[in-house]
Peer 1: 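Structure incoming, see below.
All of these numbers come straight from a predicted model, not from anything done at the bench.
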Amino acid sequence: MDLVAESLLAWKIVAVLVWFAAFFAAERLLPAAPRPAPLDEPGGGGLRLARNLGLSLVNFAISPLIVVPVSLLASEIALAWRPEAWQGWPALLVDIVVLDFL
């Protein structure tokens, strides 16, 4: 990469980090929702924690049922730049491994 692109990338990273820091500081100072009660108090955050855990489990169970078929469909559609042999389940597995670890 040339020097200009490297410096732009570095400043972009700094800008994003500053934005996240400002956003989290603003949320800490002026929260959008009231803080939940501690878990050990009656009617505390235990119900909220259980509800969030249940939602995450449902999301974890249903997500592969939606993501994998859509990804398979997308891998079977042969685009002009995609080789003809690069379709189906083997190509989908390689796509997921390669794209997730880049």
Peer 1: Mind listing the side-chain donor-acceptor pairs of residues 56-67 below 3.5 Å, one per line with the distance, residues two or more places apart or on another chain?
Peer 2:
{"unit_1": "Ser56", "atom_1": "OG", "unit_2": "Asn52", "atom_2": "O", "d": "3.4"}
{"unit_1": "Ser56", "atom_1": "OG", "unit_2": "Leu53", "atom_2": "O", "d": "2.7"}

Peer 1: In chain order, what residues pass the side chain to side chain contact (heavy atoms under 4.5 Å, CB included) check against Phe24, with sequence neighbours excluded?
Peer 2: Phe20
Peer 1: Could you list the residues that satisfy side chain to side chain contact (heavy atoms under 4.5 Å, CB included) with Arg51, not counting sequence neighbours?
Peer 2: Leu47, Arg48
Peer 1: Considering only distance and modelled atom types, tabulate donor-acceptor pairs under 3.5 Å from the side chains of residues 7-15, sequence neighbours left out.
Peer 2:
{"unit_1": "Ser7", "atom_1": "OG", "unit_2": "Leu3", "atom_2": "O", "d": "3.2"}
{"unit_1": "Ser7", "atom_1": "OG", "unit_2": "Val4", "atom_2": "O", "d": "2.9"}

